[in-house]
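To start, the structure under review is shown below, and the notes come after it.
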Amino acid sequence: MTFRIGFLIFPDIMQLDMTGPHEVFTKMPDTEVLMVWKTLEPVTAGGGMRILPDVTYEDCPQLDLICVPGGGGMNPLLNDEETLNFLRRQAAKARYVTSVCTGSLVLGAAGLLKGKRAACHWMSRDMLKEFGATPDASRVVIDGNLISGGGVTAGIDFGLAVAAEILGEDTAKAIQLGIEYAPRPPFDAGTPESAGEQVEQAARNAAKTRQAERLAAVRKAAERL
């Protein structure tokens, strides 16, 4: 039978959160991958890429795996009952409930992370505690049927981990080779610890307004659970 995967997409999504694992999932045999949003109108991602939804919340079939990516646009979703109710409905029967980057906060706002370990972008990771989750700094975290990836590029690691979980390591390794995923970045600056205090502080300063808005939205969402 076809394994059906759905990505929640939304305005100002971090497209790599979705397109990284999407590339992996579309290489999996007998798999259908859908883009899901409130309407079928194009969604403009952060940076300007336009993404076309395949189905709406109302018309979305039951998914075997639901994935929530992150990005600046997830802040409003934290208190968007239409989105949160959709996730709750899908999660109730899905085989896997998953996220990449700050998408885990949206799962938290839907009440799906209580007592679970979860990954998130390093800058927002501690906010998971507001939803009764345990923040985990790993690139990929598997806790029961909850699978979460860390920030942005961790989505590829996440996708391969999911492929291994469903189809076995040999298939996941073949996909990894096919997409030539052998990262050797030019700098060792992908975590706050390796980037150093000056680079980390500059990143925090640049995101200060967004992070303050996110924390306020997280706390408002947590109060409603």
Side-chain angles (χ1 to χ4, degrees), residues 1-10 13-37 42-55 60-71 74 90-91 94-104 106-107 117-122 136-191 194:
M1 294 182 63
T2 299
F3 190 86
R4 184 175 287 134
I5 294 173
F7 283 99
L8 177 67
I9 59 173
F10 48 88
I13 185 177
M14 176 72 77
Q15 58 83 15
L16 187 55
D17 288 1
M18 181 275 290
T19 53
H22 182 279
E23 188 65 33
V24 174
F25 294 158
T26 56
K27 301 294 188 293
M28 291 165 49
D30 300 319
T31 300
E32 179 184 24
V33 183
L34 300 173
M35 304 290 108
V36 189
W37 179 232
V43 168
T44 302
M49 179 184 287
R50 302 179 80 204
I51 307 170
L52 284 175
D54 296 301
V55 292
C60 184
Q62 178 59 52
L63 302 169
D64 296 297
L65 183 150
I66 177 71
C67 182
V68 184
M74 49 71 54
Q90 286 290 338
R95 183 173 168 188
Y96 297 101
V97 178
T98 75
S99 64
V100 177
C101 197
T102 51
S104 57
V106 183
L107 293 181
R117 292 182 300 109
C120 192
H121 189 280
W122 63 268
D136 192 317
S138 303
R139 293 277 282 181
V140 182
V141 177
I142 301 177
D143 189 346
N145 76 330
L146 174 70
I147 308 178
S148 52
V152 194
T153 59
I156 301 176
D157 303 56
F158 155 84
L160 292 169
V162 169
E165 186 81 8
I166 297 169
L167 299 169
E169 284 192 9
D170 288 347
T171 298
K173 288 176 180 178
I175 294 172
Q176 180 178 359
L177 178 59
I179 63 175
E180 199 173 349
Y181 181 55
R184 294 183 180 178
F187 312 107
D188 183 16
T191 66
S194 62

Q | Any side-chain heavy-atom pair of M35 and M18 under 4.5 Å | A | yes

Side-chain atoms of residues 174-183: list all donor-acceptor pairs with protein atoms under 3.5 Å, sequence neighbours left out, distances to 0.1 Å.
residue : atom : partner : partner atom : Å
Q176    : NE2  : Y181    : O            : 3.0
Y181    : OH   : D157    : OD1          : 2.6

Q | Non-hydrogen atoms of I166 and M28 that approach each other most closely | A | CD1-CE, 3.9 Å

**Q.** Where F7 and P69 come nearest, the two heavy atoms and their spacing
**A.** CD2-CG, 4.2 Å

Q | S104 (side chain) donor-acceptor with A119 (main chain) under 3.5 angstrom | A | yes

Q: Identify the heavy atoms of I156 and G20 that sit nearest to each other, and give their distance.
A: CG1-CA, 3.9 Å

Q.
If I compare all heavy atoms of F158 with all of S148, which pair ends up nearest, and what's the gap?
A. CD1-C, 4.2 Å

Q) How far does CG of L16 sit from SG of C101, to the nearest 0.5 angstrom? A) 9.5 Å

Q: Check A45 against I51 and note the closest heavy-atom contact, atom names and distance.
A: CB-CD1, 4.3 Å

Q. Taking only residues two or more places apart in sequence or in another chain, which ones pass side-chain contact (heavy atoms from CB on, under 4.5 Å) with A137?
A. R125

Q) Do any N or O atoms from the side chain of D143 and from the backbone of R117 form a donor-acceptor pair under 3.5 angstrom? A) yes

Q.
Just to verify, which of C60, P53, P42 counts as forming a side chain to side chain contact (heavy atoms under 4.5 Å, CB included) with W37?
A. P53

(Q) Could you tell me if the side chain of L34 sits less than 4.5 Å from the side chain of P61, heavy atoms only? (A) yes

(Q) Would you compute the distance between atom CD1 of I13 and atom OG1 of T44 and round it to the nearest 0.5 angstrom? (A) 11.5 Å

Q) For residues 13-34, which residue pairs qualify under side-chain hydrogen bond (donor to acceptor under 3.5 Å, both in side chains), counting only residues two or more places apart or in two chains? A) R4-E32, Q15-T19, E23-K27

Q. Is the shortest heavy-atom distance from the side chain of Y96 to the side chain of V162 under 4.5 Å?
A. no

**Q.** Smallest separation among heavy atoms of G159 and P21, with atom names
**A.** CA-CB, 4.2 Å

Q: Could you check V140 against L160 for side-chain contact (heavy atoms from CB on, under 4.5 Å), going step by step and ending with a plain yes or no?
A: CA-CA 10 Å; V140 182; L160 292 169; over 6 Å; no

**Q.** Summary of side-chain hydrogen bond (donor to acceptor under 3.5 Å, both in side chains) pairs that have at least one residue in residues 159-173, sequence neighbours excluded
**A.** none

Q: Could you tell me the separation between the SG atom of C120 and the CG atom of D136, rounded to the nearest 0.5 Å?
A: 11.5 Å

Q.
Suppose we screen for side-chain contact (heavy atoms from CB on, under 4.5 Å). Which residues come up paired with A172, at least two apart in sequence or across chains?
A. A163, A164

Q. So do W122 and T191 actually touch side chain to side chain, heavy atoms under 4.5 Å?
A. no

Q | D64: partners by salt bridge (charged side-chain N to carboxylate O under 4.0 Å, His left out), with sequence neighbours left out | A | none

Q | Any side-chain heavy-atom pair of V100 and C67 under 4.5 Å | A | yes

**Q.** Stepwise side-chain contact (heavy atoms from CB on, under 4.5 Å) check, L107 with L146
**A.** CA-CA 10 Å; L107 293 181; L146 174 70; 3.9 Å; yes

